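Convention: sequence-line order gives letters A, B, ...; per-chain numbering from 1. Quick caveat, the model's predicted, so the values are computed rather than measured.
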Amino acid sequence: MSARLTLPPTSPAPAAAAASSSMSPLASTAGAAGTRTPGTRKPLTLSSSLKKPKETRDPGPPKAGAFKKRKPKPTKFRRFYERGDLPIAVEHRALGNRIRWMVEIEKLDYHHYLPTFFAGLSETQEPYRFLAYQGAIDLLENGGSKIVPVVPQLVLPIKAALNTRDEEIVCRTLIMIQRLVLSAPDVGVALTPYFRQILPIMGLYKNKNLNLGDGIDYGQRFRRNVGDLVEETLQLLELNGGEAAYININYIIPTYSSCVMN
Amino acid sequence: MPKSLRESEEQTPESGSGAGRGRGRGGGPRMKMVRAKKWSPEVEEAFRLQSVGYKTMEEYVEANGGEPLRWENGYIRKLVDREGESFTYWRKDRECEDKYLHKVKLYTVVEP
């Protein structure tokens with residue numbers, strides 16, 4: 001009885017089979033799959049002598065996430081605007097969008113409206129973002145002596161906006177703090193007791209700057225550099241915060257150097 | 001049309017037909033318009049007025065019966081719309097950026 005080699009219908013030609021026998025053991029193990037169907041291939045397996053020991057990397061300590069964005073909560077500004085409580089509307093014009101006030105600003109109750117507009121600083125969605133930012137600027141510019149008594153109520157919305165750690169929101173809030181300090185003479189002094197609430201996040205971003213070497217930052221006019229904005233804001237707080245301002249700032253941000261004393 | 005009638009029409013420019021000498025289409029004074037090329041306080045004023053829907057300060061005064069509120073530096077601070085229902089507030093410093101310059105129209109009255 002003669003032993004006859006029977007090849008499966010999908011196996012390669014006899015010449016190819018002979019060639020495969022002279023190949024490395026790796027290839028031969030791959031070719032040994034007799035009943036292989038086209039399209040499905042068995043993964044290559046290494047013999048134990050060729051296996052490398054698995055490298056186990058030390059993952060290190062977990063990330064603290066100090067700069068991680070935190071999702072802002074829905075603000076009361078949005079709620080009030082959707083309910084129709086705020087006397088404002090967006091005016092879409094070819095010469096840039098503006099806010100249209102349905103009531104004169106001078107007649108508004110600052111204790112109610114100014115904290116509401118400051119709460120809207122955490123908004124990133126239109127039209128709330130635009131309305132809150134521009135509305136707060138309008139209120140500050142036309143507030144005068146009405147602003148100082150409201151300062152304690154502004155601390156919480158400012159803190160909430162800074163705590164989102166979203167750079168866009170942080171920049172906007174820092175610009176608004178600068179405008180607030182310059183809006184009336186005693187606002188800076190009134191803000192000094194609340195440095196402990198506001199300054200820690202500023203300390204976090206103080207050194208977040210662009211390392212350009214001798215390059216030029218062409219986007220300076222957009223004021224999006226957080227490190228620069230923090231430095232400007234701290235200097236304004238020191239200049240307008242009275243005698244105790246520098247000590248209080250330095251207590252929370254030890255790396256801050258005075259712009260008056262040096 | 002007889003010649004005498006044509007002459008009489010020309011002598012009454014307040015008729016609003018636009019045919020009067022020294023009068024604009026709406027019956028007001030004839031005006032020349034140029035687009036702003038460069039920023040100036042006059043351009044800033046025109047920009048603020050035109051953003052709210054007025055051509056010139058004369059038109060604003062006519063509609064509202066008085067000059068608008070101004071900042072210490074002379075810039076317009078607050079404007080009222082034609083219906084007197086809404087208010088627009090303006091900043092103390094320049095708001096007319098260069099990108100808006102070509103949209104600002106400067107009107108001057110043409111002497112007849």
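Here A/Asp186 pairs with nothing under the side-chain hydrogen bond (donor to acceptor under 3.5 Å, both in side chains) rule; sequence neighbours left out. Take A/Glu82 and apply the side-chain hydrogen bond (donor to acceptor under 3.5 Å, both in side chains) test, not counting sequence neighbours, and it matches A/Tyr128.
The salt bridge (charged side-chain N to carboxylate O under 4.0 Å, His left out) analysis of residues 189-200 of chain A, with sequence neighbours excluded, yields no pairs.
Residue A/Glu243 places its CD atom among 12 or fewer non-hydrogen atoms of other residues, nucleotides or ligands, all under 6.0 Å distant. Residue A/Phe67 qualifies as enclosed at atom CZ: its count of foreign heavy atoms under 6.0 Å is above 12.
Neither the backbone nor the side chain of B/Val80 comes within less than 4.5 Å of any heavy atom in chain A.
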At a cut-off of 3.5 Å, what donor and acceptor atoms pair up between chain A and chain B?
from	atom 1	to	atom 2	distance (Å)
A/Arg93	NE	B/Ser51	O	2.4
A/Arg93	NH1	B/Ser51	O	3.3
A/Ala94	O	B/Lys103	NZ	3.3
A/Arg98	NH1	B/Glu95	OE1	3.0
A/Arg98	NH2	B/Tyr89	O	2.9
A/Trp101	N	B/Phe87	O	2.9
A/Trp101	O	B/Phe87	N	2.7
A/Glu104	OE2	B/Lys78	NZ	2.5
A/Ile105	N	B/Tyr89	OH	2.9
A/Glu106	OE1	B/Lys78	NZ	3.4
A/Glu106	OE1	B/Tyr89	OH	3.4
A/Glu106	OE2	B/Tyr89	OH	3.4
A/Gln134	OE1	B/Arg91	NH2	2.4
A/Asp138	OD1	B/Arg91	NH1	2.9
A/Asn142	OD1	B/Arg77	NE	3.1
A/Asn142	OD1	B/Arg77	NH2	3.3

